[in-house]
Amino acid sequence: MTDSLSDKPVDKDEGLQLYRRMVRIRRFEERASQLRAAGLIPGFLHPCIGQEAVAVGVCGALGDGDVLTSTHRGHGHMLGRGADPARMYAELFARSGGYNHGKGGSLHMIDVQLGFLGANGIVGAGIPLATGAALQLKRRGGGSVAVTFFGDGATNEGSFHESLNLASLWKLPVLYVCENNLYGEFTRQDHHQVITDVAARSSSYGMPGVVVDGNDVIAVREVTREARERALAGEGPTLIEAKTYRHRGHFEGDMGRYRPPEEVARWMAHDPLDVLWGRLVKEHALDEAARDAVRADVEAELDAAIAWAKEQEHPAPEQSLEDVYVDSIGGAALR
Amino acid sequence: MTKFSCADGIRQAIDEEMERDPDVFLIGEDIGESGGVFGVTKGLYEKYGPTRLWDTPISEEAMIGAAVGAALVGARPIAEIMFGDFVVLAMDMLVNQAAKTHYMTGGRLSVPLVVRMVTGTAGSTAAQHSQSLESWFVHVPGMKVVAPSSPEDAKGLLKTAIRDPDPVMFFEHKQLYGGRGGQVGDVVAVEPIPLGVGRVRREGSDVTIVSYLKTLEHVLDAAATLEGEGISCEVWDPRTLVPLDREGLRRSVAKTGRVVIAHEAPVRGGAGAEIAAVVAGEFFEHLKAPIVRVGGHNTPMPYAPELEGYVVPGPERIAEAVRRCLGRA
Ligand SMILES: Cc1ncc(C[n+]2csc(CCOP(=O)(O)OP(=O)(O)O)c2C)c(N)n1
Ligand SMILES: [Mg+2]
């Protein structure tokens with residue numbers, strides 16, 4: 001683990017901002033869970049609670065022109081990048097005002113302005129897409145990188161191996177960020193691969209592989225910065241493995257009974273929000289009132305977002321026939 | 001005499017579009033310096049270099065995925081699947097990603113991509129290097145499907161496909177490439193041809209034969225034979241399977257009242273099934289006889305020339321199908 005990186009003091013305002021972003025993700029997910037239980041969200045939800053530091057740490061190291069691809073567990077990545085929770089909730093509610101006009105839902109959400117090229121319903125699919133985006137960024141003359149998030153389970157897909165080979169061969173500016181939460185769906189890592197460090201797979205492709213404590217947002221941000229600089233310097237891709245854990249089941253409705261309670265307890269005690277807050281308390285003597293203030297702020301923001309999303313219209317049924325093609329050639333391609 | 005094959009048409013379309021738009025690039029296996037297995041990209045590497053022609057490792061999913069990802073951020077990639085059979089290794093990137101991105105994102109993202117698929121038998125290329133998979137993509141909403149049967153069409157349609165904002169699956173029949181070792185022919189000027197406009201390749205009055213790709217040549221041979229028997233065949237080429245030129249098809253069916261559909265792909269679930277359903281369902285009042293389909297038998301492609309010749313429909317079987325349609329069998 002690269003703990004030493006995060007031993008540097010944290011700037012107070014910066015630290016508070018990172019903390020706020022993580023709280024925003026946590027509360028976004030918790031409230032989405034309640035809203036789904038209340039019947040407002042018709043589709044799948046894969047909460048990233050417990051993994052907030054990866055999203056916020058990685059996104060905290062990126063530049064404006066960078067582009068990202070994500071996974072089925074993508075809300076954190078999108079919020080980390082600065083997406084609007086109101087339009088996200090509207091999309092989850094399947095409303096016209098949502099990011100995808102109600103056509104995508106959780107698994108396909110995008111924000112083009114932020115370079116967020118999408119969550120993905122197919123495990124491992126974002127990896128070649130980001131690789132190709134990096135190819136175009138390189139062709140256009142550099143200055144930006146592509147980032148792709150994926151899970152430990154995804155590293156058994158061919159798309160992962162083919163893409164890493166291609167990117168190292170062509171020295172593409174792409175960051176491969178594996179969130180190793182120790183499970184692929186209900187299957188523990190030691191039941192789906194014999195290695196413990198996914199980062200070891202980097203050696204096959206002649207690129208650096210870095211293991212980082214994925215619950216330490218500062219450490220994640222530091223390794224991401226280094227990898228990004230390498231990529232921008234034309235030195236090619238890096239595989240970052242962030243060790244983390246999801247507090248909840250694989251998706252809403254999964255109780256996660258396949259996980260030993262001691263394991264869950266151990267990781268709950270290493271909560272990414274508490275890890276950062278602990279440092280802020282130690283280094284800047286912040287008190288509970290400061291923490292409550294952040295929470296209250298985020299809560300108010302999410303209240304407003306949810307209220308706005310609830311007001312958005314449902315799409316008209318016949319809108320299902322729109323957006324199949326950019327140019328349907330007068331409707332002919334739809335028949 | 002002008003020498004101009006489908007390979008020439010395709011090469012020229014790529015060349016002219018690459019010259020026009022720097023965001024057009026080519027990605028595939030052995031397409032660069034080597035000029036491609038069929039010589040289709042010959043000379044392009046010398047002209048445009050490695051930032052416009054990307055030779056990938058043998059990684060079809062990464063290749064198509066990279067093309068799709070690049071298209072998401074402004075590129076206009078042309079990907080080549082060396083033998084169309086290998087597209088199965090990239091199906092997720094095509095079917096779940098490229099075809100659905102525009103829709104899933106509520107129209108906010110698009111994938112202007114062309115995938116060139118080398119299709120059909122070259123003669124004893126057998127079961128894994130000969131398939132005609134166009135109907136798979138006809139079935140996937142979000143994709144356009146092009147299947148040219150002449151060098152001019154290949155050139156004009158490819159230019160349009162490259163400029164098109166949606167993913168286009170572009171099928172190229174090996175036997176239409178013309179010549180061996182990719183001899184480079186003459187440059188013929190062809191304007192972009194709109195997608196969704198079919199073409200009457202031969203006028204006639206007794207029966208409409210719908211066909212595309214290499215099989216269309218066999219149809220023209222059959223039509224010449226049948227003329228000697230007093231049967232007048234109209235040969236109609238849809239040129240693009242999605243979108244399908246219903247109006248053009250209707251005009252021809254209204255004139256002849258009889259329809260035979262011929263393609264190399266297996267008959268069952270082939271593009272002909274969709275065309276037959278359109279004719280029967282929408283132009284029924286014009287029909288004087290049941291529609292006849294003639295195509296590959298429902299087998300993998302065999303190796304032995306005798307077996308392959310039996311499976312792939314040639315002029316004989318097509319003529320026989322026409323006679324059946326006219327009640328003269
Ligand atoms: C190609 C594919 N196979 C299977 C699935 C079903 N599935 C959805 S998420 C998931 C587990 C993925 O595990 P991992 O990559 O570790 O990500 P995590 O869920 O842990 O974030 C599976 C098997 C899928 N969506 N796509
Ligand atoms: Mg996992």
Side-chain angles (χ1 to χ4, degrees), chain A residues 67 69 91 96 98-105 107-112 115 117-118 120-122 124-140 146 157-159 161-167 169-170 172 315 322-335, chain B residues 22-23 25 27 50-52 54 56-75 77 89-90 92-93 96-97 99-112 141-145 164-167 194-197 240 242-247 278:
Chain A
V67 299
T69 69
E91 187 59 32
S96 292
Y99 264 112
N100 303 36
H101 300 308
K103 284 208 172 98
L107 289 182
H108 309 299
M109 240 189 270
I110 50 140
D111 185 323
V112 180
L117 302 178
N120 214 303
I122 305 294
I127 305 172
L129 299 179
T131 307
L135 170 62
Q136 176 67 357
L137 294 175
K138 183 185 166 108
R139 289 188 66 253
R140 284 250 172 108
E157 290 282 8
S159 62
H161 295 275
E162 289 190 16
S163 298
L164 265 66
N165 184 58
L166 194 75
L169 184 69
W170 291 349
L172 298 180
E322 295 168 7
D323 304 323
V324 181
Y325 296 91
V326 179
D327 179 5
S328 70
I329 314 190
L334 287 168
R335 300 191 60 199
Chain B
D23 276 323
F25 71 81
I27 187 166
T51 62
R52 305 292 296 280
W54 295 84
T56 69
I58 307 163
S59 307
E60 287 77 13
E61 181 169 15
M63 176 216 300
I64 300 294
V68 176
L72 289 176
V73 292
L89 286 99
D92 176 50
M93 289 299 132
N96 288 326
Q97 311 299 328
K100 295 174 174 50
T101 294
H102 190 63
Y103 192 78
M104 293 189 297
T105 62
R108 294 190 204 269
L109 277 175
S110 56
V111 182
M143 284 187 154
K144 295 170 180 169
V145 181
D164 193 274
D166 294 303
L195 307 186
V197 181
T240 67
V242 179
L244 180 68
D245 179 7
R246 281 174 152 74
E247 208 26 56
V278 168

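Computation of the quantities below employed the complete heavy-atom set of this structure, encompassing side-chain atoms and omitting hydrogens, waters and symmetry-equivalent molecules. None of the values given here were measured: they were computed from a predicted structure. All chains are named by letter (A, B, ...) in the order of the sequence lines, taking the proteins before the strands, and each is independently numbered beginning at 1.
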Looking at Asp23(B) and Arg139(A), is there a salt bridge between them, counting it only when a charged N and a carboxylate O are closer than 4.0 Å?
yes
Find the one option among [options] whose heavy-atom pairs under 4.5 Å with chain B are most numerous.
options: Leu172(A), Thr131(A), Ile329(A); value: Ile329(A)
options: Leu169(A), Ile110(A), Val67(A), Leu137(A); value: Ile110(A)
options: Asp111(A), Ile122(A), Leu107(A), Val112(A); value: Ile122(A)
options: Glu91(A), Gln136(A), Met109(A); value: Gln136(A)
options: Ala146(A), Gly330(A), Pro128(A); value: Pro128(A)
options: Ser163(A), Gly331(A), Ala125(A); value: Ala125(A)

If one checks every heavy atom of Arg140(A) against chain B at 4.5 Å, the contacting part turns out to be side chain
Which portion of Asn165(A) sits near chain B, non-hydrogen atoms under 4.5 angstrom
side chain
Kindly indicate whether the side chain of Ile27(B), heavy atoms from C-beta on, has any atom under 4.5 Å from the side chain of Leu135(A).
yes
Audit row: Arg246(B), Val278(B), side-chain contact (heavy atoms from CB on, under 4.5 Å) steps and yes/no:
CA-CA 8 Å; Arg246(B) 281 174 152 74; Val278(B) 168; 3.4 Å; yes
Measure from the side-chain N and O atoms of [X] to the backbone N and O of [Y], and report whether any donor-acceptor pair falls under 3.5 Å.
X: Lys103(A); Y: Glu322(A); result: yes
X: Lys138(A); Y: Trp170(A); result: yes
X: Tyr103(B); Y: Tyr325(A); result: no
X: Glu162(A); Y: Glu61(B); result: yes
X: Ser159(A); Y: Gly124(A); result: yes

Chain A contact via Pro22(B) - which portion, at a heavy-atom distance below 4.5 Å:
backbone
Chain A interface, residue from [options] that has the most non-hydrogen pairs under 4.5 Å:
options: Asp92(B), Val242(B), Leu195(B), Asn96(B); result: Asp92(B)
options: Thr101(B), Thr105(B), Leu244(B); result: Thr105(B)
options: Ala67(B), Gly196(B), Gly74(B); result: Gly74(B)
options: Leu72(B), Val68(B), Leu109(B); result: Leu109(B)
options: Pro194(B), Ala71(B), Pro165(B), Pro77(B); result: Pro165(B)

If you draw a 6.0 Å radius around CG in Leu334(A), do more than 12 non-hydrogen atoms from other residues or ligands fall strictly inside?
yes
